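Note that ligands are numbered from 1 as they come in the structure, with each ligand's atoms numbered from 1 the same way. This structure is a prediction, so every number in the text was calculated from the model and none was measured. Note that these values count all heavy atoms, side chains included, but never hydrogens, waters or copies made by symmetry.
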Amino acid sequence: MALRIIIGLALTAVAFALAGRRVWWLYRLARSGQPAPERFEMVRKNPGGDVKSQATEVFGQRKLLKWSVPGVAHALTFWGFIVLILTIIEAYGDLFSRRFAIPGIGHWAAIGFIEDLFAVAVLAGIAAFGIIRLRANPKREGRDSRFAGSHTGAAWLVLFMIFLVVATLLLYRGAQINTGVFPYAHGAFASQIVGHWLAPLGVPANHGLETGGILAQLAVILGFLVLVVYSKHLHIGIAPLNVLFARRSDAGRAGAPGGLGALQPMRSGGKVLDFEEADPDTDVFGRGKIEDFTWKGLLDMATCTECGRCQSQCPAWATDKPLSPKMLILNLRDHAFAKAPYILAASDEEREKLPESVQAEAARPLVGDAEANGVIDPDVLWSCTNCGACVEECPVDIEHIDHITDMRRHQVLIESAFPTEASSMLKNLENKGNPWGMSENKRTEWITELDFEVPVVDGVIGDDVEYLFWVGCAGALEDRARKTTKAIAQLLHTAGVKFAVLGPAESCTGDPARRMGNEFVYSMLAQQNIETLNEAKARKIVASCPHCFNTIANEYPQLGGNYEVIHHTQLLAQLVADGKLKPVNRVEEKVTYHDPCFLGRHNRIFSAPREIMEQVPGVQSQEMHRCKERGFCCGAGGARMWMEERIGKRINTERIDEALGTDPDTISTGCPYCMVMLGDAVNAKKSSGEAKESLEVVDVAQLLVRSVQPPAENKQPASEEQ
Ligand code: SF4
Ligand code: SF4
């Protein structure tokens, strides 16, 4: 007895010393990051939301369960380990007393049953994981495997360790049954089966198996503890923290709850950067080195489970570009860990004494091509469309887009290193307030093509005006998007909704500049627009572009611009529901709807456009495989609209290939960027004979206007339609 106590406690002391050393090291590394006081403020302001997130994301395994088989396997393992905490207490108690039982519950048959049930559930879970890993073997599946790039050897080791935890548990419990000290007379069915197998060995042998099994159980659990803190399974301990501090409680969020929220402003030392006072020598401009990340950024990196769910949904990865959101996080994490001795060193002298490998790691640029030995390749950084699929999927709430944007900010503002073709867009935004550099007077040209008046705000918006229609640069200046603008105006006019536009006073919201990393140009444009909107006393705004919608609704509040913003599909759906718009003309077409990322995933507006289509008689809607939360990007977001797509398959082509699988007559959407990207891909498909000549890409407002307007004798060619 005394020997097993000594061995058990010695094992515990060694394991806790090893694990504690690592946890202290991880804590110091996280503390070396930039402060992020806003994260504590979010938790303080919304404790209810955080309790809910722990209940749904951590204990409810909400995101994991969206992937049915692996989700159930993970949930079984997770819940199993929660229940098996009881058995760990029992194993320690058994060290000291062979008749140990947890006070109050130790002899309750139901507990014995539940413990065994979850032990078996964990075995079922790891068996499922094993099969999943064999089937999605990266050696066979290549890039298509979500485990491509993950540390698969470590994952197999952990599965084996989990198996050993359950095997040693059942071994000593089975032996206890035969030595007569097992606390649960009934209910522990799996232990009884094992006990039955061990019974022929006799009582003395079972005494040995009991002691050996308990020590083996403790050794495996303690070994597992050490493995967890030294491996990717760190997430077992820190995922709840990462979920707690995720920025779900953003104020000013539009759309339904659960959207991705606003991009974070640039912060240095925990404070929002003021460009008028900021000093590039002392302030942190974006992320130019790993130490520039906040502790939350470092926590994100350490929390990644390498599950590859983000990678499997990333449009850049799916079209053979070098960006994988998983690998981006893993490369940052590996660099942070490898550079840690340098970061944590107390002095320059200490740094000079570090091994060459650490010094070499410390010298690597954060962003740089293979020749520069950069941690993140520029092609990785600039491939992101900000579609949000990675953030949506990540079960531990890692914020990939924030990190990508922060690295872009440093590249643009400090290094002036970004795809050259985007520079004219930035110049045009600065000089003309729109990405094409067109004259501001052109913003009202579309109005002259209507047969009714659209008031242009001059001073303060009139009391009789219900909505300010935010037309957007594309809506005012791009030919295809102008058709949507005219359709929306026509529908509002028909429904008797009083609206006005800002006309030449409207400027780009700054979205492309911000997503590109040029926070300076974004702030300039945003402040100018907020001033204009405030002077006009704007309250209710209807926006046709999801990027404008997202920026005004979610991001302008960061600069003091607070408005009630609605997307045109929401307003039109409401007008149809209220009977103010009556779709009567039949539109006999098979239509497939493409979810714009900044409307759908970013703001959770999935149903309004579909409700409109349902109300148009004759329309046969058919969903693409990747839709709603799993919608596939058109390739334009994250300022990608203004950059060349030189690597891999074009994202818009990939999307149109999927759309063509539904054999549509029309592809509908709710975003001018998507219209342009999908329209270009459709035109290419028509040229190659892969799509029928009559195939169109339209906004749902254009579909609705056809049904609400008197029927035309013949369907007009797309170029002449509104
Ligand atoms: S936002 Fe979209 S494109 Fe960017 S990394 Fe995530 S999934 Fe990939
Ligand atoms: S970032 Fe999230 S989704 Fe991607 S591999 Fe890591 S844990 Fe999985």
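Atoms of ligand 2 lying under 4.0 Å from any heavy atom of E306, numbered from 1 in the order shown and given with element: 5 (S), 6 (Fe). Applying the 4.0 Å criterion to heavy atoms of I401 picks out, from ligand 1, the atoms 1 (S). Those atoms of ligand 1 with a heavy atom of T385 less than 4.0 angstrom away are 3 (S), 4 (Fe). Proximity to G388 (heavy-atom distance under 4.0 Å) selects the following atoms of ligand 1: 1 (S), 2 (Fe).
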Point to revise | Steps toward side chain to side chain contact (heavy atoms under 4.5 Å, CB included) verdict (T653, K685) | key: CA-CA 8 Å; T653 308; K685 290 282 171 189; 3.8 Å; yes
Check your understanding: Where do R514 and E519 land on the salt bridge (Lys or Arg N to Asp or Glu O under 4.0 Å) test, with the steps shown first?
Key -> CA-CA 5 Å; R514 187 171 218 204; E519 190 76 358; 2.9 Å; yes
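Between W642 and Y673, the ring-plane angle classifies as perpendicular under the 30° and 60° cut-offs.
Ring-centre distance between F81 and F224: below the 6.0 Å cut-off.
Considering only non-hydrogen protein atoms, atom 4 (Fe) of ligand 1 sits nearest to C384 SG, 2.3 Å. Of the protein's non-hydrogen atoms, the one nearest atom 8 (Fe) of ligand 1 is C314 SG, 2.4 Å. Closest to atom 2 (Fe) of ligand 1, if we only count protein heavy atoms, is C387 SG, 2.4 Å. Atom 5 (S) of ligand 2 has as its closest protein heavy atom G308 N, 3.1 Å.
By the criterion of a heavy-atom distance under 4.0 Å, neither the backbone nor the side chain of V391 is placed next to ligand 1. At a heavy-atom cutoff of 4.0 Å, ligand 1 is contacted by the backbone of N386 but not by its side chain.
Within the structure, the ring pair (Phe, Tyr, Trp, His ring centres under 6.0 Å) test picks out no pair touching residues 128-158 (sequence neighbours left out).
The set of protein atoms (N, O or S) found at less than 2.8 Å from atom 2 (Fe) of ligand 2 reads C394 SG, by chain and number.
With T305 as the partner, the side chain to side chain contact (heavy atoms under 4.5 Å, CB included) test is satisfied by one option alone out of I236, V396, L234: V396. Applying the side chain to side chain donor-acceptor pair (under 3.5 Å) test between R515 and each of T551, N386, T385 identifies N386 as the sole match.
Atom NE2 of H410 and atom OG1 of T405 lie 15.0 Å apart (nearest 0.5 Å). Interatomic distance, CZ of F606 versus CG of L599, reported as 8.5 Å (0.5 Å rounding). Atoms CZ and CG, from R287 and D406 in turn, are 4.0 Å apart once rounded to the nearest 0.5 Å.
Of all heavy-atom pairs spanning L323 and C314, the tightest one is O-SG, 4.1 Å.
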